[in-house]
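Note that the coordinates shown come from a computational prediction; the quantities given were computed from them, not determined experimentally. Computation of the quantities below employed the complete heavy-atom set of this structure, encompassing side-chain atoms and omitting hydrogens, waters and symmetry-equivalent molecules. For the single chain, residues carry numbers from 1 onward in sequence order. Just so you know, ligand 1 is whichever comes first in the structure, and atom 1 is the first atom listed for that ligand.
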Amino acid sequence: MDFSQELGWSTLLQHFGEDEKIKGAVTPPIFQNSLFVFDKMDELLDAMANHPAGPQHHYSRVSNPSVDLAERKIAKLEGTEACKLTGCGQAALTIAIMSCVKQGSHVVCVDTCYGPVKSLLSDYLPRFGVTHTFVNGSEIQEVVDAIRPETTAIYLESPSSLVFQMQDMEAIAKIAHERGISTICDNTYNTPLHMRPHELGIDLVCHSATKYLGGHSDITAGAVCGSQKRIDKIIREEINLLGSILHPFQSWLLNRSLHTLQLRLKQHEATGNSVATWLNDRPEIARVNHISLPSYPQRELYLKMMKGSGGLFSFEPKVQDPIKVKAFADALKIFQRGVSWGGFESLVVALPVQPLGYDSQKWIIRLFCGLEDAQDLIADIESAIHQLA
Ligand SMILES: *Cc1c(COP(=O)(O)O)cnc(C)c1O
């Protein structure tokens, strides 16, 4: 197939990198091997020295054909030269940050980012002399003011996955590049189908592929995408030295899931919009944090940067009594109580948050709308909402 021409997402998702039909198999086989053998010692030495990332694979810690297939498909979707898959999303985020810092570096990070990234910056990396500043991120000037001479990385997540705040990726990436600062973002919420941060100037685009990309709640996986030069360095250093790779079977499951990514995302988005719109009109709710609602405070940025939303959003009940909030979550029958999201099943999590800019701690309820029917999810919420009276 000619992939140099413009092709739609779903065509790429079905076929990119899958031209070679090994023994005629329509789906790629799983290369479940830890190492590769060579006829000649010279060939092995050449593979070790010159092709750590393939095409001549020699050891599955650094590269493997099953992993490579999913990596190349995700890089194609993100519009980056390369991608490296990791054992989970957090590994991808840690690796991306580690690849941009050395002793004495400073990182500017949005305070609404994924929680363990905040722990990495505030509790772990200071051991190695890496400092940080957390910013709200919705005002560009605040990000500029946080930059210091020793800043080497700016870390973004837009929208964030609890309170759904956005940053202007393009404006921040431009400022960073003028100062030689690397930019990293967590693109898990959007998937490349709804936003391609590399086109907006972001250097390293990361994913928790445990979520939409994996889509079936049966794997944990992560991805870091960027230029060949940056990814080669990550393979030589963080991947080779820290490990945390994705294994062939998980990579195969991930590629299997990518086939239906666009279909699933459309359904999550439509259902998420219906449920959020319904909740937005309810008297029990103070505010619904869903990026595609007309009432979303950063609507212009949403329309400028993104091609769609999804099934994940949160809301703030007027009643802030933790007992009532938890009773609501407990009364749901289709929405199950659990962390994570992006799979087939609807999930709920209730927790207190206080991002920068909030004057007090607030209980929020985060919903993930799975692939069930929207009217059933709404009926489920309707039958539990009296708990929030
Ligand atoms: C889940 C998640 C992560 C972490 O991914 P794991 O695969 O659980 O390690 C990072 N960022 C976001 C936005 C997430 O939702």
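Qualifying side chain to side chain donor-acceptor pair (under 3.5 Å) partners for Tyr296, counting only residues two or more places apart in sequence or in other chains: Gln298. Taking the side-chain contact (heavy atoms from CB on, under 4.5 Å) definition, one finds that Ala379 meets it with nothing, sequence neighbours left out.
With Phe3 as the aromatic partner, Lys76 does not meet the cation-pi criteria of under 6.0 angstrom to the ring centre and within 45 degrees of the ring axis.
Note on residues 9-18: pairs passing side chain to side chain donor-acceptor pair (under 3.5 Å), not counting sequence neighbours, are Ser10-Gln262, Glu18-Lys73, Glu18-Asn255, Glu18-His259.
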Pairs under 3.5 Å, nitrogen or oxygen of ligand 1 with protein nitrogen or oxygen:
from     : atom 1 : to     : atom 2 : distance (Å)
ligand 1 : 5 (O)  : Ser208 : OG     : 2.9
ligand 1 : 7 (O)  : Gly89  : N      : 2.8
ligand 1 : 7 (O)  : Ser208 : OG     : 2.9
ligand 1 : 7 (O)  : Thr210 : OG1    : 2.6
ligand 1 : 9 (O)  : Gly89  : N      : 3.0
ligand 1 : 9 (O)  : Gln90  : N      : 2.8
ligand 1 : 11 (N) : Asp186 : OD2    : 2.6
ligand 1 : 15 (O) : Lys211 : NZ     : 2.6
ligand 1 : 15 (O) : Trp341 : NE1    : 3.0

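Remark: Glu139 CD is loosely packed, at most 12 non-hydrogen atoms of other residues, nucleotides or ligands lying under 6.0 Å away.
In terms of heavy atoms, His177 sits closest to Gly201 at CE1-O, 3.0 Å.
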